Amino acid sequence: MDVLRKDDDNPNRLNDESLGIYLHIPFCVRKCRYCDFLSFAGADADVIASYAHKLIGEISGRSVEFGPDRTVDTVYFGGGTPSLLSPKLVGEVLDVVYARYRVADDAEITLEANPGTVSEDTLRGYIGAGVNRLSIGAQSFDAKKLRYLGRIHSAADTRDAFAYARAAGFGNIGMDLIFGVPGETIAGWLDDMDEALQLAPEHLSFYSLTPEKGTPVFQDIVGGRVTEVSEIDDRLMYHSAIERLAEAGYRHYEISNAAKPGYESRHNLKYWSLDDYVGFGLGAHSYCDGFRFANTERMMEYMSAVTPLSMMAWEHANTASDDMAEFIFLGLRRTDGIDLARFSAVFGMNFWDLYKEETDGLIERGLLEQAGDTLRLTRLGLDLSNRVFQEYV
Ligand code: SF4
């Protein structure tokens, strides 16, 4: 397809009235054995505080650019391990967000917490600072699996963190689990699911372990020290999780996410709906006003940047073709799929005039299904989603 220009005057263009803010906290107690996220182990409290103050400067400095005409309806502290920030620092960061941006009264304010780093006091402190949603990185309740993954916490720590969070007043708690870890069985994975469901989090994310190049887990696999879970077992684990979640009253709303009705992650939905969000902090990515851009991933460069703009590493002005492709492959991550009437309204072009050949092929192969104006992944499409997305890139 030729590159299409955007019609920025189209009143139906993508939402530009609300804004999500992502805040990257790139510190961890220790590096997990499977992790290739942008995070550093072993930083002391002074380093973390200096970083938080730099972040505050960035949030404040870019408010003129993003703030005036929009309402911030989600704020997300991600990492790394954001729960290494003290409640005082979280409060200072949120204070500057509230001071420099218009924040919705019902804004969703999430903080990711590692169960090995929180106490009831810190969780109460986060609530006092304005956090209203906690995302607990449990990953597993199996001691052997936790050890293999290099997590710093035990299953008991996760149960404690959960109890502390409820006692502190969190009514919206998410939990992350990983499956497909070498040596794991389907029965073992279902035990993990059941342990998590007993705690009744409002939201549950379940990710298949991806052995990222350069990580110790990857080295174990290429070195033949462990055997990867077979693709068949991995998929059985995935679909058994979806079934368990449905039985427990959760809605599977995105490839790897399920929630009790009304508790879908509003922040993450922005990513899959091509809504505007800005990321602050080391390496943070943004999509705003039709531009994708990201900060430097080099800590020295970030910390010594004289202005927030000089923290940026790259910027790309999305063409209409980029936006259309992203609307499709990000939107297809949601189990509701994409609304083809909305596609026409937003882009002023008929979906089928642009993507008939590839879409018909995917439907024939059983990877996509159409119901009226909706196009979504099938059960097989959920397993082979990357192959589907490639067709639209
Ligand atoms: S806690 Fe999360 S970000 Fe930190 S090393 Fe482990 S997986 Fe990576």
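Counting starts at 1 for both ligands and their atoms, in listed order. What you are looking at is a predicted structure, and each value in this text was computed from that prediction instead of being measured.
Annotation: the span from Asp276 atom CG to Leu274 atom CG amounts to 8.0 Å, rounded to 0.5 Å.
Between the side chain of Tyr253 and the backbone N or O of Leu269, no donor-acceptor pair lies under 3.5 Å. The backbone N or O of Gly279 sits less than 3.5 Å from a side-chain atom of Ser286, completing a donor-acceptor pair. In terms of modelled atom types and a separation under 3.5 Å, the side chain of His252 and the main chain of Glu254 share a donor-acceptor contact.
Annotation: Tyr277 is not in aromatic contact with Tyr76 [ring centroid separation under 6.0 Å not met]. Separation of the Tyr302 and Tyr51 ring centroids falls under the 6.0 Å cut-off.
Atom 2 (Fe) of ligand 1 has Arg151 NH1, 4.0 Å as its closest protein atom, hydrogens excluded (heavy atom only). The nearest protein atom to atom 7 (S) of ligand 1, hydrogens excluded, is given as Tyr34 OH, 3.4 Å; this is a heavy-atom distance.
Contact analysis puts Gly80 in contact with ligand 1, with a non-hydrogen atom separation below 4.0 angstrom.
When the options Cys35, Pro26, Gly150 are ranked by their closest heavy atom to atom 8 (Fe) of ligand 1, first place goes to Cys35.
Ligand 1 places these atoms under 4.0 Å from at least one heavy atom of Phe37: 3 (S), 8 (Fe).
Between the side chains of Ser140 and Asp192, at least one donor-acceptor pair of N or O atoms lies under 3.5 Å.
Atom 4 (Fe) of ligand 1 lies under 2.8 Å from an N, O or S atom belonging to Cys28. Because the distance cut-off is set at 2.8 Å, Cys32 fails to qualify as a neighbour of atom 8 (Fe) of ligand 1, as none of its N, O or S atoms comes that close.
Of all the heavy atoms of Arg30, the ones lying under 4.0 Å from any atom of ligand 1 belong exclusively to the backbone. Heavy atoms of Thr81 found under 4.0 angstrom from ligand 1 belong exclusively to the side chain.
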